[in-house]
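In the text below, chain A, chain B and the rest are named by the order of the sequence lines, each starting its count at 1.
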Protein chains: 2
Amino acid sequence: MNKKKQLTESQFLKEYNAKDFDAPLVTVDMAIFTVREDKLQVLLVKRAQHPAINRWALPGGFIDLAKDKQLGDTARRKLKEKTGVDTPYLEQVETFGGYKRDPRGWSVTVAYFALIASEHIEVNRNESSEEVVWVPMDGLSKKYDLAFDHSDILTACYERLQAKVQYTSLPVNLLPDAFTLTDLQKIFEIILGKSVEKKSFRRRVLDANIIEETGEMKTGSNRPAKLYRVNALGSNHYFSRNIEGPR
Amino acid sequence: MNKKKQLTESQFLKEYNAKDFDAPLVTVDMAIFTVREDKLQVLLVKRAQHPAINRWALPGGFIDLAKDKQLGDTARRKLKEKTGVDTPYLEQVETFGGYKRDPRGWSVTVAYFALIASEHIEVNRNESSEEVVWVPMDGLSKKYDLAFDHSDILTACYERLQAKVQYTSLPVNLLPDAFTLTDLQKIFEIILGKSVEKKSFRRRVLDANIIEETGEMKTGSNRPAKLYRVNALGSNHYFSRNIEGPR
DNA sequence: CTATGATAGTGGCTCTATGACACTATGTCA
DNA sequence: TGACATAGTGTCATAGAGCCACTATCATAG
């Protein structure tokens, strides 16, 4: 490898072999969020393999160099495996890398979070016979001691979500295809952890033109509510101002 | 590797060898921004090695598994090599991965951007005898055809910066230790690409309590201006509202 | 020693969007 | 038919932004 300058690029590539170099492990891990039972919940998987066998962890794994064309494909593949959901809201959060986060050595993991509607989850999807749980985010750390640095990763994902609820329409992705404004408000309140004023909220959402009426109504034992769907802009809209909540 | 269940973790680790697995290449690339001559500029390096030899690219390279303890260390090391700057504002932007972004095969690169004050750059720092240029962001794509997908990476970094100028105090990191409010406003205007109203800008910045007076003044051929420095909160403050500019 | 030019910094008006909250509307069900 | 529950609105006070003219304070020139 010492006469580089004289090689053409194709000659160089012929001689090149990735295994001549030390490289870190690369994985993709993800926090899959949904709202069920009026709580923000995240999916955990019990590891069936070494290292950290039998410990709870975020779903994830190695890039499949044959199947995955891009990084996001790995995340989408894992998500599909665990939940059956195909077209989630998926966002890359942060990449963690270091020599001591995995006992196997220098490793890198790309963290994603996904938002899915609980209605879209396929239950009993145990193809890998792995043990899987949905855990509410509040008080999670007391009950589950996650493997590796997954606790840090989850925190990063959660903080990103919390931050973006302030100024984006992102939570619409946690709802089914049709929903009422009250449904939407409730989702925001759950993630924000505080109540939101009704009129302001409706103005904010409607003025942004991110949802449209379906024409249908949701009926119940009281006044029916208009149903809305997200439009093209809606799933990732940035407001120009943070949601403030009560003074 | 088929009797995993019976191994203890330490036995597993003893047998484990990273080279038994196909792994993608991992690199770190960065967009180093500064403001000089009243323009936002980025550092480019002419590649001295295959692949894409002699083409312009963002500075970056492999993780040094021995030297670097964390991902950010790789970025900081590269930054120091090129500019001599030690404590920049450094932010991870996005990780790009795919099978065709590098001719050597499946590769992953973690992109960072750095903001540095041009006053802090050590000139003539040619330790690697590499060719290096500072290029203004406007019209860059016409003059430079970057290697690999570095054009996409740079775009991602630039968009992140542009977005964050709207609602964070991030541009303070492009200024020297002491600066006037007018200096600061100018930096915002350069990155935003539009003018900002003086009074509103000053209110916004001063009310946020992110800078403090040094006590010194900057003198010139006109009324002297108070000098400020960034305080602990200042280098990464989030405003609750976007900067709007003139209507 | 004063006038001028240039930039620093402020006073105060208007306007918009938000929080607040009471009020009206419209369904079900007993 | 009236109670209830939730949907949805009218309207006001207020905070903060843009606007822009005004004042302040220096160096420098004549």
Select base, sugar-phosphate, or nothing to describe what T182(A) touches, counting heavy atoms under 4.0 Å on all strands.
sugar-phosphate

Taking the basic N atoms (NZ, or NE/NH1/NH2) and the acidic carboxylate oxygens, is any pair closer than 4.0 Å for E212(B) and R229(B)?
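Yes.
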
Sort and list the pairs that fulfil side-chain hydrogen bond (donor to acceptor under 3.5 Å, both in side chains) and have at least one residue in residues 231-240 of chain B, not counting sequence neighbours.
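Non-adjacent pairs meeting side-chain hydrogen bond (donor to acceptor under 3.5 Å, both in side chains): K164(B)-Y238(B).
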
Contact list for residues 214-224 of chain A, test side-chain hydrogen bond (donor to acceptor under 3.5 Å, both in side chains), sequence neighbours left out:
D183(A)-K218(A)

Distance-only, no hydrogens or angles: does the [X] side chain make a donor-acceptor pair with backbone N or O of [Y] under 3.5 Å?
X       : Y       : result
S169(A) : G234(A) : yes
Q92(A)  : Y112(A) : no
E197(B) : S200(B) : yes
Q162(B) : I191(B) : yes

Just how far, in rounded Å, is [atom2] of [N] from [atom1] of [X]?
X       : N       : atom1 : atom2 : answer
K194(B) : dG18(D) : NZ    : C1'   : 12 Å
K218(A) : dA5(D)  : NZ    : P     : 17 Å
N242(B) : dG16(D) : CG    : C1'   : 14 Å
E197(A) : dC23(C) : CD    : P     : 15 Å
L184(A) : dA7(D)  : CG    : C1'   : 15 Å
E216(B) : dC26(D) : CD    : P     : 15 Å
F179(A) : dA7(D)  : CZ    : P     : 14 Å
L181(B) : dA24(D) : CG    : P     : 19 Å

Give me the residues of residues 162-174 of chain A where at least one heavy atom lies under 4.0 Å from an atom of DNA chain C, by number, or none.
none

Which parts of residues 199-215 of chain A get close to DNA chain C, meaning a heavy atom less than 4.0 angstrom away?
K199(A), S200(A), R203(A)

Under the ring pair (Phe, Tyr, Trp, His ring centres under 6.0 Å) rule, what pairs show up with a residue in residues 171-190 of chain B, not counting sequence neighbours?
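Counting only pairs at least two positions apart or across chains, the ring pair (Phe, Tyr, Trp, His ring centres under 6.0 Å) contacts touching residues 171-190 of chain B are F188(B)-F201(B).
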
Y167(B): what forms a side-chain hydrogen bond (donor to acceptor under 3.5 Å, both in side chains) with it, not counting sequence neighbours?
none

Under the salt bridge (Lys or Arg N to Asp or Glu O under 4.0 Å) test, residues paired with [X] that sit two or more places apart:
X       : answer
K69(B)  : none
D207(A) : none
K39(A)  : none

Taking for R223(B) and for I243(B) the nucleotide of DNA chain D with the nearest heavy atom, the one nearer the 5' end belongs to I243(B)

Between D68(A) and T74(A) the two heavy atoms that sit nearest each other are OD2-OG1, 2.8 Å

Which pairs pass salt bridge (charged side-chain N to carboxylate O under 4.0 Å, His left out) with one or both residues in residues 134-163 of chain A, sequence neighbours excluded?
R55(A)-D145(A), E91(A)-R160(A), R101(A)-D149(A)

Kindly give the atom pairs (protein nitrogen or oxygen, nucleotide nitrogen or oxygen) under 3.5 Å for nucleotides 1-4 of chain D.
none

Estimated bend of the helix from dC1(C)-dG30(D) to dA30(C)-dT1(D) (axis per five terminal pairs, rounded to 10 degrees):
10°

State whether the distance check finds a donor on one side and an acceptor on the other, under 3.5 Å, for side chain K198(A) versus base dG8(D).
yes

